[in-house]
Number of protein chains: 4
Amino acid sequence: MNEAQPLTRIQARNRAAILSGGLDAFSSAGFRGATLDQIAEAAGLSKPNLLYYFPSKDAIYTALLEGLLETWLDPLHALDADGDPVAEILAYAHRKLAMSRDFPRESRLFANEILAGAPQIGAVLSGPLRSLVDEKATVLRGWMEAGQIRASDPHHLIFSIWALTQHYADFDVQVRAVLGETDPFAGADRFIDQLFRSVLEPVQDRPL
Amino acid sequence: MNEAQPLTRIQARNRAAILSGGLDAFSSAGFRGATLDQIAEAAGLSKPNLLYYFPSKDAIYTALLEGLLETWLDPLHALDADGDPVAEILAYAHRKLAMSRDFPRESRLFANEILAGAPQIGAVLSGPLRSLVDEKATVLRGWMEAGQIRASDPHHLIFSIWALTQHYADFDVQVRAVLGETDPFAGADRFIDQLFRSVLEPVQDRPL
Amino acid sequence: MNEAQPLTRIQARNRAAILSGGLDAFSSAGFRGATLDQIAEAAGLSKPNLLYYFPSKDAIYTALLEGLLETWLDPLHALDADGDPVAEILAYAHRKLAMSRDFPRESRLFANEILAGAPQIGAVLSGPLRSLVDEKATVLRGWMEAGQIRASDPHHLIFSIWALTQHYADFDVQVRAVLGETDPFAGADRFIDQLFRSVLEPVQDRPL
Amino acid sequence: MNEAQPLTRIQARNRAAILSGGLDAFSSAGFRGATLDQIAEAAGLSKPNLLYYFPSKDAIYTALLEGLLETWLDPLHALDADGDPVAEILAYAHRKLAMSRDFPRESRLFANEILAGAPQIGAVLSGPLRSLVDEKATVLRGWMEAGQIRASDPHHLIFSIWALTQHYADFDVQVRAVLGETDPFAGADRFIDQLFRSVLEPVQDRPL
DNA sequence: CATGAATGAGCATTCATTCAT
DNA sequence: GATGAATGAATGCTCATTCAT
């Protein structure tokens with residue numbers, strides 16, 4: 001599996017199947033709780049064949065997390081210092097909520113990793129993630145000082161967007177148990193919009 | 001170990017040590033990922049001795065969850081329909097945040113159980129929890145219709161309090177990685193207060 | 001190990017070795033008393049490898065019993081209502097004794113299962129076995145009423161054949177301790193012949 | 001527990017309870033398969049207290065076997081060389097059958113020990129038991145040579161009495177499964193009487 | 001006499017990984 | 001590429017036995 005070689009079709013298909021099976025397993029049972037048997041069955045491969053594509057359980061997990069981190073931070077990267085402040089922030093929250101809706105397993109994989117103490121991505125958190133958050137917090141603070149959004153703690157503002165949006169993926173089982181069969185995301189979208197608009201929009205701008 | 005008998009001192013001490021060790025293990029690795037060896041070592045007991053107090057790994061987990069559920073819902077129970085609406089809701093959010101600060105392992109245990117699909121407490125979620133939430137949502141809706149707080153979806157309002165407060169326990173590692181050594185809870189408390197005050201207080205009441 | 005697939009040579013060899021080792025272990029120590037370690041060692045396999053062929057200790061035991069039951073009842077099935085009565089019964093007793101000589105471990109496995117209360121084959125005893133015995137008892141009664149053999153209780157007649165023949169396998173250790181090194185089966189064969197001839201042959205037919 | 005001291009009432013009661021519980025356990029599961037927990041629960045004692053009366057599992061088993069062996073051979077001892085031959089032998093068979101009816105657990109304990117290869121009483125079998133059997137076989141042979149009973153192999157004659165009578169205790173489950181609820185012993189008694197009378201009584205003495 | 005507490009050894013079974021083909 | 005076969009190291013749990021009181 002020389003990485004310089006392009007993957008054959010079978011290779012691509014099997015790698016994808018393994019990663020999908022691994023995502024299922026790791027996102028619900030955590031790294032230690034997931035088993036290669038589960039993953040192999042989900043991927044429709046024998047266990048030795050699975051280990052032909054990834055040398056170890058750890059390698060599957062790492063591949064998943066690495067593939068995830070990029071897309072996971074994309075929405076925040078996209079927050080544009082030159083855009084309309086309220087619109088930018090709300091758009092960011094909506095993008096994050098859409099990720100919870102469209103990629104709930106990825107969200108739960110991430111949650112599991114953090115709950116376990118971030119053994120694999122600890123360095124990313126205190127390195128690239130922290131830098132990115134600090135950079136965007138500076139943008140937010142600039143908007144606040146310019147009176148474009150009301151003043152609040154920019155870091156906690158970001159945390160609140162993470163918490164609120166990821167909750168609908170990570171606690172999906174609980175949300176659905178409480179709401180019944182209703183799809184939670186439409187209501188969540190409206191509520192989140194209302195919540196952040198309230199705290200962000202300067203008072204005099206608020207429509208009576 | 002007849003439960004009708006009062007526990008001896010040794011029993012009380014060892015049971016507590018086991019539950020604490022189990023809380024450590026289960027809250028970070030999940031049920032499947034935690035091992036009796038970890039728990040026994042954390043409790044300072046041999047593995048067979050641990051199983052002298054609890055008949056199985058499952059029994060420890062169940063004891064933890066049962067002990068947790070009661071206190072977990074207490075803050076919501078305490079939300080008083082006859083109190084001042086904004087003050088009641090904010091007090092609820094503060095109590096929840098205090099629980100994240102004082103009992104972070106319990107929060108992560110709960111998060112892990114939900115992430116795994118709530119195999120043990122699924123029935124509680126769609127039964128007692130749902131009833132409680134519906135009851136309190138009715139209270140909130142009453143306040144909204146009376147104009148005492150601004151209108152929004154009461155279920156999602158409750159979810160948002162859960163999400164925001166539990167985030168500081170469940171994603172503690174990430175929060176601290178981003179903030180550095182600063183204690184997150186003081187800032188979190190202020191931010192949450194500001195956020196919910198914004199969305200709850202009727203517009204005309206807001207000081208200019 | 002799809003059972004529809006023919007077994008490979010290795011599979012056939014190892015499954016046979018496991019069943020033989022299991023027969024040794026279960027027939028002398030009973031189900032609970034036998035250990036996978038014994039069986040694995042007798043089969044020349046590691047314990048996990050043994051469990052690669054049979055999913056559990058119970059599965060080995062069940063496979064043995066199922067394989068046994070068929071051949072166990074064959075001699076009785078072969079008792080022919082149209083044959084010569086005395087000859088048929090004596091032939092049946094000889095076949096049973098031959099089984100004790102040639103398959104003593106199987107006999108002891110069966111004895112152990114019965115002694116333990118027949119937890120696995122209880123249903124067979126009160127179902128198929130009872131039907132078969134009742135059917136052959138009816139044949140015997142017919143012969144008795146026709147005066148072809150002397151009258152006696154046909155069920156106890158069958159039990160006596162079981163008891164006498166299986167004794168030489170099940171109590172082999174005792175029989176040999178009492179008899180010394182002599183092979184017991186030649187004498188047993190003669191004695192059983194004489195015993196049943198005495199009780200079966202109509203009195204007037206008996207040579208003086 | 002100085003053996004020179006007489007047992008207190010409590011000691012006597014508890015020893016008896018342990019032996020009875022042990023008899024239940026060992027007779028159905030064998031030595032290895034039985035557990036001290038079973039025995040302790042059956043005896044209504046705690047496990048450490050049980051081990052106060054008997055120093056080990058092995059000690060209980062040995063005590064049972066030793067207590068058994070004496071009474072086990074009594075009926076054969078009682079076979080009287082000076083009595084009426086046929087009556088003596090039939091009386092022996094009846095006594096043995098009565099023991100199967102009245103002490104089936106003891107019979108099964110003995111059967112289990114033999115099936116396991118007689119690890120504890122092997123020496124008794126090839127020592128005292130063999131001597132006793134040889135002695136009684138000599139008596140039988142004397143009767144045969146005197147024409148008081150018909151000639152047959154005296155050892156196998158004794159084995160046949162053991163086999164037939166013990167079968168009703170050892171294979172009790174099977175016998176009852178085949179016969180239904182009927183009590184087997186009345187029929188067994190008649191059949192055994194008929195069987196041995198047939199093979200023992202000199203031909204000319206037989207009533208037409 | 002009796003029990004609560006504790007444990008080393010063992011047991012059935014699982015699991016990630018390796019090896020040969 | 002893929003699989004059958006195999007295993008060392010756990011893993012949850014049992015069991016006979018010991019110790020302290």
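Quick caveat, the model's predicted, so the values are computed rather than measured. What you see below is based on every heavy atom in this structure, not just the backbone, and it leaves out hydrogens, waters and symmetry mates.
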Point to revise | Atom-pair distance (NZ on D:K47; P on F:dT18), nearest Å | key: 12 Å
Review point. Can you say whether the rings of A:F110 and A:W72 are parallel (under 30°), tilted (30 to 60°) or perpendicular (over 60°)?
Key: tilted
Review point. How close or far is atom C1' of E:dA12 from atom CD1 of C:I60, stated in whole angstroms?
Key: 11 Å
Exercise for review: Using a cut-off of strictly less than 4.0 Å, decide whether A:R32 has a side-chain nitrogen or oxygen near OP1 or OP2 of E:dA16.
Suggested key: no
Exercise for review: Report yes if at least one side-chain N or O of D:Y53 is closer than 4.0 Å to OP1 or OP2 of E:dA2; otherwise report no.
Suggested key: yes
**Study point:** Rounded distance (nearest 0.5 Å) linking atom CG of C:L23 with atom CG of C:L68
**Key:** 8.0 Å
Practice item. Name the residue closer to the 5' end of DNA chain F, choosing between B:S56 and C:P48 according to the nucleotide with the nearest heavy atom. Key: C:P48
Exercise for review: Give, ordered by number, those residues of residues 36-44 of chain A having at least one heavy-atom distance below 4.0 Å to an atom of DNA chain E; if nothing qualifies, reply none.
Suggested key: A:L36
Check your understanding: How far, in whole Å, is F:dT21 from E:dC1 if one measures between their C1' atoms?
Key -> 12 Å
Check your understanding: Does B:N14 make a side-chain N or O approach to OP1 or OP2 of E:dA6 shorter than 4.0 Å?
Key -> yes
**Study point:** Exercise: identify the closest heavy-atom pair between C:S27 and C:R105
**Key:** CB-O, 3.3 Å
Check your understanding: Is there side-chain contact between D:Y61 and D:L109, with heavy atoms separated by less than 4.5 Å?
Key -> yes
Review point. Atom CG of D:L51 and atom P of E:dA5: how far apart are they, to the nearest Å?
Key: 18 Å
Review point. Has C:T8 got a side-chain N or O lying under 4.0 Å from the OP1 or OP2 atom of F:dA5?
Key: yes
Review point. Side-chain N or O of C:Y52 less than 4.0 angstrom from OP1 or OP2 on F:dA5?
Key: yes
Exercise for review: Could you state the atom-to-atom distance from CG of A:L50 to C1' of E:dT17 in whole Å?
Suggested key: 11 Å
Review point. Does a side-chain N or O from C:Q11 land closer than 4.0 Å to OP1 or OP2 of F:dG4, or not?
Key: no
Revision key, fill the gap. Answer for the Watson-Crick or wobble partner of E:dA2, both distances under 3.5 Å, is F:dT21
Practice item. Could you tell me the separation between the CZ atom of B:F54 and the P atom of F:dG12, rounded to a whole number of Å? Key: 16 Å
Point to revise | Pairwise side-chain contact, B:Y52 with B:N14, heavy-atom cut-off 4.5 Å (strictly under) | key: no
Review point. Would you say E:dC1 has OP1 or OP2 under 4.0 Å from some side-chain N or O of D:N49?
Key: no
Practice item. Report which part of the nucleic acid D:A59 touches: base, sugar-phosphate, or nothing (heavy-atom distance under 4.0 Å, all strands). Key: nothing
Review point. What does C:R13 touch in the nucleic acid at a heavy-atom separation under 4.0 angstrom: a base, only the sugar-phosphate, or nothing?
Key: nothing
Check your understanding: Where each residue is assigned the nucleotide of DNA chain E containing its nearest heavy atom, which of B:I10 and C:F31 is assigned the position nearer the 5′ end?
Key -> B:I10
Check your understanding: Hey, does the side chain of C:R32 reach the backbone of D:A34 with a donor-acceptor pair shorter than 3.5 angstrom?
Key -> no
**Study point:** Value in whole Å for how far the P atom of F:dG12 lies from CZ of B:F26
**Key:** 9 Å
Check your understanding: What heavy-atom pair brings C:L64 and C:G22 nearest, and what distance separates the two atoms?
Key -> CD1-C, 3.7 Å
Study note, to complete from the structure: Separation of E:dT13 atom P from C:K57 atom NZ, nearest Å, is 8 Å
Revision key, fill the gap. Side chain to side chain donor-acceptor pair (under 3.5 Å) with A:S107: of A:D170, A:D172, A:N112, only one passes, and it is A:D170
Revision key, fill the gap. C:Y61 atom OH is separated from E:dT13 atom C1', nearest whole Å, by 20 Å
Review point. Think B:T35 has a side-chain N or O under 4.0 angstrom from the OP1 or OP2 of F:dA10?
Key: no
